[in-house]
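Have a look at the structure below, then the notes.
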Amino acid sequence: MKKFFTLCILGCLLVGTAMANNDVYSDEMNRFITDLMSRMTLEEKLGQLNQQPSDEIATGPVVGSNASKLAAEGKLSSIFNIMDVEKIQGLQKIAVEKSRLGIPILFGMDVIHGYHTIFPLPLGLSCTWDMEAVREAARIAAAEARANGVAWTFSPMVDIALDSRWGRMAEGAGEDPYLGSRVAEAMVKGYQGDLFDPNGKGDTGIMACVKHFALYGAAEAGLDYNTADMSHLRMYNQYFPPYKAAVEAGAGSVMSSFNIVDGIPATANKWLLTDVLRKQWGFRGMIVTDYASIAEMTSHGLGTLKDNAARALLAGTDMDMCANGFIGTLKQSLDESKVTMEDIDRACRRVLEAKYRLGLFKDPYRFGSKKEANRVTYCKEHRETARRITAESFVLLKNGTSDHPILPLEMKGTIALIGPMIDTRTDITGSWSMPQDATKYTTLREGFQNALKGKATLLCTQGCNLIDNPHTQQAVAKGHNCEPIPFVDCDKAMKEALDIAGRSDVVVCAMGECAWMNGEGTSRTNLELYQPQRRLLEALKQTGKPIVLLNFAGRGTVLTWESEHLDAIMNVWYGSECADALCDVLFGKVSPSGRLTVSMPRATGQEPLYYNHLPTGRPVADGTKDYRVWSPNYLDAVQGPLYPFGYGLTYSSFSYGDLKLSNTTMKSDGSITASITLTNTGNRESTEVVQLYIHDLIASISRPVKELKDFQRVTLKAGESRNVEFHITADKLKFYDYNLNYVLEPGEFEIMIGPNSRDVKVGKLKVEN
Ligand code: BGC
């Protein structure tokens, strides 16, 4: 206690001003850390580079005794995924009172889309195109996590993902660098609150960790952990922007990715971690590896743990997650002059800076209080916000015909609710909801029962298995604290489903992926609905009843058959309030306003499929049906996506007037306005997401056929019109050229405005020097 007390007094004296002004990499901070480091042994410094997982989430409520031992020895800098504030503070007490220097532990957690109040998957959140909502979701996640003792989240994941076979697409914002950058900023700001705000008190927020730097989403064949390889040009123009935006938004930390970048694993890639991240983008925070990345470099074929720990350190990595590479081998590397004391000090300093900026030296217990945890965790206000945002995220893909829409449903007659997702409480939140408390959540069946009570009859049954393979159906739940969806007798289940469908006026099917059919390690080779689900839909179709498909997914899926045969389809991205939010939308309290942030293919073989691709030398228009020889088209599919990036319907309809440019020429340092008149031509208030795209027609390098550059959510009453304007300046037209200079090249551009990336109005702009 005395040790920490001394450290604390010194900390308070030195930290005093910095706490009021806590984002400054100040002289006070430097002096404090220099003084502290002058008293640290080599072992203690290496201890600060060491991060361990807790066994909490996997094995129950006990902090491994190893963690306590390491904490007492000053060898545990950070630990992640401990669920209980008292346990966290108990371990903190060991670190500050029993270790020689009393340096506090940094407690991290994968708070990916909520703590107990779970928002839609990040991919779903991005489908709101509502940056206030994204920021608010992150703020609430941080408030709950912080109250429960967490100081650091391993989020946002901002990896661009072009290939829906890759299950981790669920964790990011989809395929677009511009939208991805806006989401990245919103999440960082939402998470961090006023933590590093020079004028704030630092009493809201937790530290964000931008991941996975870099290119993790470019895994070949959509296979998780697979090789990624691309030109620097593509990195800078397409993959880097969201990471850069997150860094510019002030993210306190970055996580390196598992994959190689230019032949060298990201964790040991000096060009990436030091030249790009620190020197070019000015990142000053801490870099942590991904889970055991240093150890995995051996499998990448780069030698021993010792070699790779040294490489990672020299590249600019500061903290080793779970590999025991830094703590276990750097001393020997130092003795062998493979690394220097300066290298170790540099990493140690960055870790201590993060702890200092978080205010841990002043008060190691400032993150977390039982009272606050009880007050905010899954509180009414958070649940209501989550319900609203979840409803905003659903993407309505099909709704009967314009003359005969199916949705919203009336609350009358008999409604059948069928599918493997109807009774699950653990899977309703989606993948990466580890902190969840599923006992609190409402299943779909319960949500429908509550909504329809006294108004309509509800008949429910599972109807089919998720997947034909019972092992896979069990395995996706195992290890994730999820209750497996029951494996049922198919014939019996289908018979029951057909029976209740026959007795109903409309059939709502909740199908798709259960929680851990997307997320880490969940690559797919076939993006169609799994066979048992499709078979049931085919049989239900024979009843002649209208069928509404709620497609639970964490990626783009193939719904070609469903779009032809079913009456309505809505993409659903999970969340603890999903059941109530679904009822809000299905029964018409809320008009859907989500828009896709991933192109939905017609066939899996089209992947990777994304709207902002480079032109080929022989362009073939999307939607082309007839096969053409010597052309970039498939023999066996209509070209282009089934549902394009940006697509989504509402319960109303909107018309777009002609696109107007305030000027058809623009000086390179000038600006113009592009506008359209938007009219709500339907009969209820709804929200449209108006999207601005550009195309650089002639440039020194080939440029994408279309690039999103801005968007606005516009809510209009029935019959209302509004002029929607976008300001175009050089920054919307610039790109990285062959020499990686960020340039505006004068010449002609197409300016496009529309409701999605396909159906746009086009104008031409000439940019002059
Ligand atoms: C994932 C990261 C995650 C980490 C810690 C890794 O397997 O790739 O995204 O933050 O584990 O749980």
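For ligands, and for the atoms within them, numbers begin at 1 and follow the listed sequence.
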**Item:** Basic-acidic side-chain contact under 4.0 Å: E607, R165
**Value:** no
Heavy-atom contacts with [X] under 4.0 Å: which atoms of ligand 1 show up? List them by number with element.
| X | value |
| --- | --- |
| Y291 | 6 (C), 7 (O), 11 (O) |
| F154 | 10 (O) |
| F80 | 5 (C), 12 (O) |
| K211 | 2 (C), 3 (C), 9 (O), 10 (O) |

Return the option from [options] holding the heavy atom at the smallest distance from [atom].
| atom | options | value |
| --- | --- | --- |
| atom 9 (O) of ligand 1 | H212, E520, M255 | H212 |
| atom 6 (C) of ligand 1 | D290, V111, T289 | D290 |
| atom 12 (O) of ligand 1 | N81, D110, I112, V288 | D110 |

**Message:** Test your reading of the model: is there a side-chain donor-acceptor pair from R135 to the backbone of Y191, 3.5 Å cut-off?
**Reply:** no
**Item:** Close approach, R168 and ligand 1, non-hydrogen under 4.0 angstrom
**Value:**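 Checking ligand 1 against R168, which is what was asked, there is a heavy-atom contact under 4.0 Å.
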**Prompt:** Once the angle between the rings of F258 and H212 is folded into 0 to 90°, is it parallel (under 30°), tilted (30 to 60°) or perpendicular (over 60°)?
**Reply:**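 Parallel.
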**K440 atom NZ, over 12 foreign heavy atoms within 6.0 Å** = yes
**Prompt:** For E483, does the CD atom sit with more than 12 other heavy atoms under 6.0 Å from it, leaving out its own atoms?
**Reply:**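 No, because the 6.0 Å sphere around CD of E483 holds 12 heavy atoms or fewer from other groups.
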**Item:** Contact summary for K75 and N50, nearest pair of heavy atoms
**Value:** O-ND2, 2.9 Å
